[in-house]
Amino acid sequence: MKSPVRPPSSRLLAAAALTGALIVTGAPANAGDDGDHGDDTCDPNPQDLRVTYQPVDHSVGGSAYHLASLTIDNHDTTCALDDNWELFFTFVRQPVAVLPGDDGEDARQQLDEQDLAITRADAAESGDYYVLRPTDEFEQVDPEGSREITLQVQFWATHKTDAPAGYHISYDDGPAQWVPGKALIDPTDPKQTTAFEGDARPVESAATRFEENTAELVDLDLADRIQPRPLDVTERSGALKLDGRFAIEYPDELSGEADYLRSALRDVLDGEFAPNDGRAKRTISLSIDPELDVDGSGTPDAEGYTLDVGKRGIDIVGADAAGVLYGIQTLRQLIPVDVYESAADGDRATRARVPRASIADAPKFEHRGLHLDVGRHFETPETVKKFLDLMSFTKLNKLHFGLTNDEGWRVEIPGLPELTEFGAQRGHDLDEDEMLHMGMGSGSDLEPGDHIENKAADETEANLGRPPAYQGMEQATVNLVGKGSGYYTTEEFIDLLEYAAERHIDVYPELNFPGHARSSVQAMERRYERLKDEDPEEAERYRLLDPDDEAEYRSVQLYNDNLINVCRQSTYDFLEKVVDEVAAMYDAADVPLTRIHLGGDEPPGPDRWQESPICQENPETSGKSDAELWDMFVQKWNDIALEVADTTAGWEDVLLTGQDVDELDDFAPMAWQNVWGWGLEELAYQLANDGQDVILAHATNLYLDLAYNKDPDEPGYYWATYVDEESTFTYQPFDVYANATEDRFGNPFEPDPDWEELTEEGKENILGLEAQMWGENGKTPEIREYQAFPRLLGVAERAWVRDTPTPEEMPEHWDVWVNTLGQVTLPLLSHYPVVGLPDVGVNYRIPLPGAEIDDDGVLTANVRNPGLTIEYSSTGGVHWSTYHGPTAVGDSALVRTVAPDGRTSRIAPVDVANWEAGAAYHAWSVVNYEGELFRAKVPHIAQADATPDVSPELWVLLQ
């Protein structure tokens, strides 16, 4: 059955009407005359409105823009939406109408013909915050009526997370109130999913996955059951019964590691695991041998360990304390998964059968990192601790903590209260008197304090009546879910440092300058305003901008006021103050501050400071070009950071933006923008070959915030490419060009044979690699976990395992590894107890199955990770059955993957038809309509026009 071809306007109106009627929002009853603006008029209750965004046609504007629809449904039964409102929202894609001059004129005219206008919402006209307003000629949207608005939007929007978010409305300049919003994309419509004519990448589907899932179920050796895979494993017959009678034996310097082991064992086994009093017959022995040489090279192996499980005891020997902890983490993986499952269910086992074996292991790289950006969206200390514990479990040892960005400053700095009282808060504050304006779809989550009233009561209501599973994009993230506000007190930050140190994780902060600094620049302006009358000199002390600077720029994130001024002495006083206070927190935690990340990425320009009178008047900076000013700043910033830290790091932009940066002492660039065809593919190797220490952060393989694949329901951006666990596992740190097989839009790509190869000397300058998890779409802890796992496991493999399989060897290793995930690692993560916290389990991404139905109506299905359970339904999801092999289902079916903890993947339709006007539907019929799946409740014949019957008695939304 084929969908009829019909014009976009009717299609989008139909989508808005159908979804508006079939999804219960839990909104309160109509408030009647709430916001009354006349004797005979009333305003709709904001929660009785619904705003739906959907791309219509990507083929009209090339790669410059696409046509989209913003549909406003008024479900209020009494009040019309008149011309006295302003609708606010944030949007990662820029409406073309806000572009200045001729660039935006056609789009503005298009909106004017619809009696509407869009402008930037805030007084500063900075960032991604917009407002839609009606003109005086706007024709009201009647009660239970609808209005479709056509927009031109820059670039493309092929994922739902590209859509506007955080809708809120104000009547007659009154308080802002939440308006439920929704994002729709139909994966079956090429006009909605093809970014432009050069986009060759197919949309992910059950059919494409069926072709890709080639790994068969295999028996795993013991070495293959451990992540990352150890260097050497000798398995012996039999098993050791580990129980509470075992005592832990250790020297004083390993008391922390012993405490960690005891806590981890008590999480899953019933017993005390007390220190050895000299009488215990069964022991787990921990010790350090600084000369430990696990690979036989003749030199000690830092962080290496040996683990021996014998008949009556366990011995863990580390080259250092970190090595001992990694031996403990390997021991935890030897405990059978069913023991973890039982403990998660509240029934700790009395014993665990641990296979007898000898394991010797040591890492490939010293730097094995994860970058966690909490500037864009904040994460609580508990969430950060969970990630720290999971990092330790996977033998990662560096947390690059992104504490500052345009959208938020996240750590308390004594003496500078505005940084957190103002710069860590976001909300509906157009003049930014009390907080930064809204950004990236969130203010203070669903809590009060951001000047948006009547928000959803909980995440279920924000998700339009459906409890969010966070196995993909959820509409809750359109509806203000997300911690735009928040910061760590000094006590909380010190506690995080101590928690990380217990796990041998080095936390190094990123303080991002000179760009991406809006939160600090604007916070220091509020400090200036507070002090300027009573103490003008003190007011200027930490000021970061030149108030008379007339420079005009837009950063990548569309800010026009996010640069610090590098010509003011107060800028450097501010930086010194911040690093001194951060260093004091490290001292209080008794943790070394080994590195400060300077930031330095994406500086707007090229004329950043040329219009600044301060720069022209300062003898040190007068006459300097912007490039020369950049070089001066990064030299000074690096020197300031090195006053308190052993080393520094920064994005590659630090070395590329200026004119001629002299060698920065103890500095390591992070090479990130190797997007195939962009021209910087060689940079990491060029720097390393020239003798520069380098940390690999290649976006094509290591950016965990990018979408897993081209499915509109996958959250994340895709500016570099799509990144899944195959991208991370198959990454070639010393031969990254081998990963260059297609460009970011799926077109075949071949590396340039003249690209500079990494030399043997250059390899010595690669400190390691680091996964990047930026926070634009990381609005909940569950999303962060979904983004990280299982991809972070692939990063851990490439950072730890000594021998990276060659490209020719990789397919065989990949088949084994996906079995490891399916049979061992993901089941363990389902029940993983976070050591020292009550949290259990990880919201890893559950892979959707692949499937096909043959001409005889027989379903065949598979899954990327053999060992996971597949379920299918031929009853529209009313009944689900476990898939054991080819099964007769008829013309269509639904499939899903079930995790060991009972969670499921998103539903994958197999040969499900689009809704069709005039078609006959029986009970349990399933249709796709604008990217959502619906099941018929009763037999009926669809009406003959292009708009589905909106009666909720006929259809149930499945997904």
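These figures come from a predicted structure and were not determined experimentally.
- Side-chain contact between Asp815 and Glu216 is absent, with no heavy-atom pair separated by less than 4.5 Å.
- Summarising the local packing, CZ of Arg348 is surrounded by more than 12 heavy atoms from other residues, nucleotides or ligands at distances under 6.0 Å.
- Arg209 approaches Pro849 most closely through the heavy-atom pair NE-O, 2.7 Å.
- Without hydrogens or angle criteria, His813 side chain to Pro805 main chain gives no donor-acceptor distance under 3.5 Å.
- At a threshold of 4.5 Å between non-hydrogen side-chain atoms, the residues Asp361 and Asp232 do not count as touching.
- Less than 6.0 angstrom separates the ring centroid of Tyr326 from the ring centroid of Trp800.
- One distance of note links CG of Leu269 with OG1 of Thr350; it measures 8.0 Å at 0.5 Å rounding.
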Apply salt bridge (Lys or Arg N to Asp or Glu O under 4.0 Å) to the pair Arg906 and Glu714, showing each step before the final yes or no. CA-CA 10 Å; Arg906 299 194 302 276; Glu714 286 293 342; 3.0 Å; yes
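- Gln772 contributes a side-chain N or O that, together with a main-chain N or O of Glu770, makes up a donor-acceptor pair within less than 3.5 Å.
- With hydrogens and angles left out, the side-chain atoms of Ser358 and Asp308 include a donor and acceptor closer than 3.5 Å.
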Go through the steps for Arg896 and Glu871 under the test salt bridge (Lys or Arg N to Asp or Glu O under 4.0 Å), then give the verdict. CA-CA 5 Å; Arg896 66 186 185 186; Glu871 290 185 341; 2.9 Å; yes
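- Within 6.0 Å of NZ on Lys763 lie more than 12 heavy atoms contributed by other residues, nucleotides or ligands.
- For the side chain to side chain donor-acceptor pair (under 3.5 Å) test with Asn843, the passing option among Glu785, Gln471, Arg784, Glu782 is Gln471; the others fail.
- Tyr844 and Pro900 get closest at one heavy-atom pair: OH-CD, 3.4 Å.
- In summary, the side chains of Asp724 and Ser727 do present a donor paired with an acceptor at a separation below 3.5 Å, with no hydrogens or angles considered.
- Under the 4.5 Å side-chain criterion, counting only non-hydrogen atoms from C-beta, Ile316 is not in contact with Thr330.
- Residue-environment remark: CG (Asp277) exceeds the threshold of 12 foreign heavy atoms within 6.0 Å.
- A salt bridge links Glu272 to Arg266: one of the charged nitrogens lies within less than 4.0 Å of a carboxylate oxygen.
- Shortest non-hydrogen contact noted between Ala500 and Val507 is CB-CG2, 3.5 Å.
- With rounding to the nearest 0.5 angstrom, the CD1 atom of Ile328 is 6.5 Å from the CD atom of Glu257.
- Across all non-hydrogen atoms, the minimal contact from Ala796 to Thr394 is CB-O, 3.5 Å.
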Using side-chain contact (heavy atoms from CB on, under 4.5 Å), reason through Phe734 and Thr804 one step at a time and then give a plain yes or no. CA-CA 9 Å; Phe734 292 161; Thr804 301; over 6 Å; no
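- Between Pro790 and Leu821, the closest side-chain pair of non-hydrogen atoms falls below 4.5 Å.
- Between the side chain of Asn397 and the backbone N or O of Arg368 there is at least one donor-acceptor pair closer than 3.5 Å.
- In this structure, the side chain of Ser342 does not engage the main chain of Val339 through any donor-acceptor pair within 3.5 Å.
- Ring geometry for Tyr731 versus His698: interplanar angle over 60°, hence perpendicular rather than tilted (30 to 60°).
- Counted by atom type alone, Tyr883 and Thr869 present zero donor-acceptor pairs between their side chains at under 3.5 Å.
- The CG atom of Leu706 lies 8.0 Å from the OH atom of Tyr703; values are rounded to the nearest 0.5 Å.
- No side-chain N or O of Tyr487 forms a donor-acceptor pair with one of Arg410 less than 3.5 Å apart.
- The backbone N or O of Arg791 sits less than 3.5 Å from a side-chain atom of Thr728, completing a donor-acceptor pair.
- Between Ala352 and Pro336, the shortest heavy-atom distance links the atoms CB-CD, 4.2 Å.
- Aromatic ring orientation, His597 versus Tyr508: parallel (interplanar angle below 30°, classes split at 30° and 60°).
- With hydrogens and angles left out, the side-chain atoms of Gln227 and Trp817 include a donor and acceptor closer than 3.5 Å.
- Ile284 has its side chain within reach of Leu242: a pair of non-hydrogen atoms, C-beta onward, lies under 4.5 Å apart.
- Residues Tyr488 and Pro381 form a side-chain contact, since some pair of their non-hydrogen atoms from C-beta on lies under 4.5 Å apart.
- A cation-pi contact, defined as under 6.0 Å to the ring centre and within 45° of the axis, links Arg503 to Tyr499.
- Leu769 contributes atom CG, which lies 6.0 Å from atom CG of Leu702 (distance to the nearest 0.5 angstrom).
- At distances below 3.5 Å, not a single donor-acceptor pair connects side-chain atoms of Ser905 with backbone N or O atoms of Ile846.
- Here the two rings, on Phe393 and Phe789, have centers that are 6.0 Å apart or farther.
- Leu399 is listed as a side-chain neighbour of Leu388, based on a closest heavy-atom distance under 4.5 Å.
- With hydrogens and angles left out, the side-chain atoms of Ser297 and Thr299 include a donor and acceptor closer than 3.5 Å.
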Residues Asp506, Thr594; criterion side chain to side chain donor-acceptor pair (under 3.5 Å); working and verdict: CA-CA 8 Å; Asp506 175 22; Thr594 61; 2.4 Å; yes
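- In this pair, Tyr786 and Tyr708 present their aromatic rings perpendicular. The plane angle is above 60°, beyond the 30 to 60° band.
- With hydrogens and angles disregarded, a donor-acceptor distance shorter than 3.5 Å links the side chain of Arg802 to the backbone of Pro363.
- Judged by distance alone, the side chains of Gln732 and Asn701 never bring a donor and an acceptor atom under 3.5 Å apart.
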I would like to know whether Gln329 and Tyr260 meet side chain to side chain donor-acceptor pair (under 3.5 Å); could you show each step before the answer? CA-CA 10 Å; Gln329 300 295 17; Tyr260 184 91; 3.1 Å; yes
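- A salt bridge between Arg864 and Glu726 is present, with a side-chain N of the basic residue lying under 4.0 Å from a carboxylate O of the acidic one.
- Here CG of Asn739 is found 7.5 Å from CE of Met810. Values are rounded to the nearest 0.5 Å.
- The closest donor-acceptor contact from the side chain of Asp320 to the backbone of Gly323 lies under 3.5 Å.
- The heavy-atom pair separating Pro509 from Arg595 by the smallest distance is CD-O, 3.5 Å.
- Side-chain contact check for Asp839 and Tyr832: no donor-acceptor pair (N or O, by modelled atom type) lies under 3.5 Å.
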As a quick check of understanding, evaluate salt bridge (Lys or Arg N to Asp or Glu O under 4.0 Å) for Arg376 and Asp373, giving each step before the final call. CA-CA 7 Å; Arg376 270 61 184 273; Asp373 163 27; 3.6 Å; yes
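- Under the 3.5 Å distance criterion, the side-chain polar atoms of Glu474 are matched with a main-chain donor or acceptor of Ala469.
- Under a cutoff of 6.0 Å and an axis angle of 45°, Arg351 and Phe246 do not form a cation-pi pair.
- With a 4.5 Å cut-off on side-chain heavy atoms, Lys398 and Met391 do not count as touching.
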